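It should be emphasised that the depicted structure is a prediction, and the values quoted were computed from it without experimental measurement. Below, each value reflects all heavy atoms present in this structure, side chains not excepted, and no hydrogens, waters or symmetry copies.
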Amino acid sequence: MLVVDDNRDSAESLALLLSMGGYSVRVAYDGREGLEAASELRPTVMLLDIGLPQLSGYEVARELGRRGDRPPLLIAMTAFCSETDKREAQRAGFHHHLAKPVDLAALQNLLKTVTPVGMPPAADGGSQRTGGSPLIAY
């Protein structure tokens, strides 16, 4: 999993909680770093803030959609929650939209619907629950 959020405490806390749930997680702190990490890691799911420095989450989502590869499942986790914001997120390529502060139970339920359960352990002995790449981006 790749978590992309400029609030370091929030990103690292979420990454810790997700890793405790069996996910392998990487963190990026701005849009450009998130886009580079997504290119390198090719995550199947990305948890992405919208209000980011360097490139906004909208710009990251649009760029991922322009690339020839299949883009990751994009989950917006943001304070931008008006109906207009949600429509803009969908137009940019987000598949799901969660309001901050994120309800962890809702996030876990969403991840259960998009990540296979019972995958074989990762090479390092850890759990690999993200379907292709062991990383999900936020």
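Considering every non-hydrogen atom in both P53 and D6, the closest pair reads CD-CB, 3.5 Å. Pairing each heavy atom of S10 with each of D5, the nearest pair is OG-OD2, 3.7 Å. The shortest non-hydrogen separation linking P43 to A38 is CD-O, 3.5 Å. In terms of heavy-atom proximity, A89 sits nearest to I50 at CB-CD1, 4.3 Å. The shortest heavy-atom contact between V60 and G31 is CG2-O, 3.5 Å. Contact detail for V27 and E33: the closest heavy-atom pair is O-OE2, 4.1 Å.
The distance from the CG atom of L14 to the CG atom of L107 is 6.0 Å, given to the nearest 0.5 Å. With rounding to the nearest 0.5 Å, the separation of CG in L55 from CZ in R32 is 4.5 Å. Rounding to the nearest 0.5 Å places OH of Y29 at 3.5 Å from CD of E12. The CD atom of Q90 lies 13.0 Å from the CG atom of D85; values are rounded to the nearest 0.5 Å. Atom-to-atom distance recorded for S39:OG and L35:CG is 5.0 Å, nearest 0.5 angstrom. The line from NZ of K100 to OG1 of T78 is 6.5 Å long, rounded to the nearest 0.5 Å.
No single ILVMFWY cluster, assembled from side-chain heavy atoms under 4.5 Å apart, contains both L104 and L16.
Looking only at distances, no side-chain donor or acceptor of H97 sits under 3.5 Å from a matching main-chain atom of K86. Of the possible donor and acceptor atoms, none in the side chain of N109 sits under 3.5 Å from a partner among the backbone N and O of A106. A donor-acceptor contact shorter than 3.5 Å is absent between the side chain of S56 and the backbone of L52.
Put simply, the residue from L48, L41, L64 that forms a side chain to side chain contact (heavy atoms under 4.5 Å, CB included) with P72 is L64.
A donor and an acceptor atom, one from each side chain of S82 and R87, are nowhere located under 3.5 Å apart. Between the side chains of Y58 and E63, no donor-acceptor pair is found at a separation under 3.5 Å.
In the displayed structure, Q54 atom CD is contacted under 6.0 Å by more than 12 heavy atoms of other residues, nucleotides or ligands.
The pair E59-R62 does not meet the salt-bridge criterion, since no charged nitrogen lies less than 4.0 angstrom from a carboxylate oxygen.
The shortest distance between side-chain heavy atoms of E88 and E83 does not fall below 4.5 Å.
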Under the criterion side-chain contact (heavy atoms from CB on, under 4.5 Å), I'd like the reasoning laid out for L98 against L110: C-alpha separation, chi angles, the key distance, then a yes or no. CA-CA 10 Å; L98 299 175; L110 177 58; 4.3 Å; yes
What verdict does the side-chain contact (heavy atoms from CB on, under 4.5 Å) test give for L74 and V45, after you've listed the backbone C-alpha separation in whole Å, the side-chain angles of each residue and the deciding distance to 0.1 Å? CA-CA 6 Å; L74 295 176; V45 178; over 6 Å; no
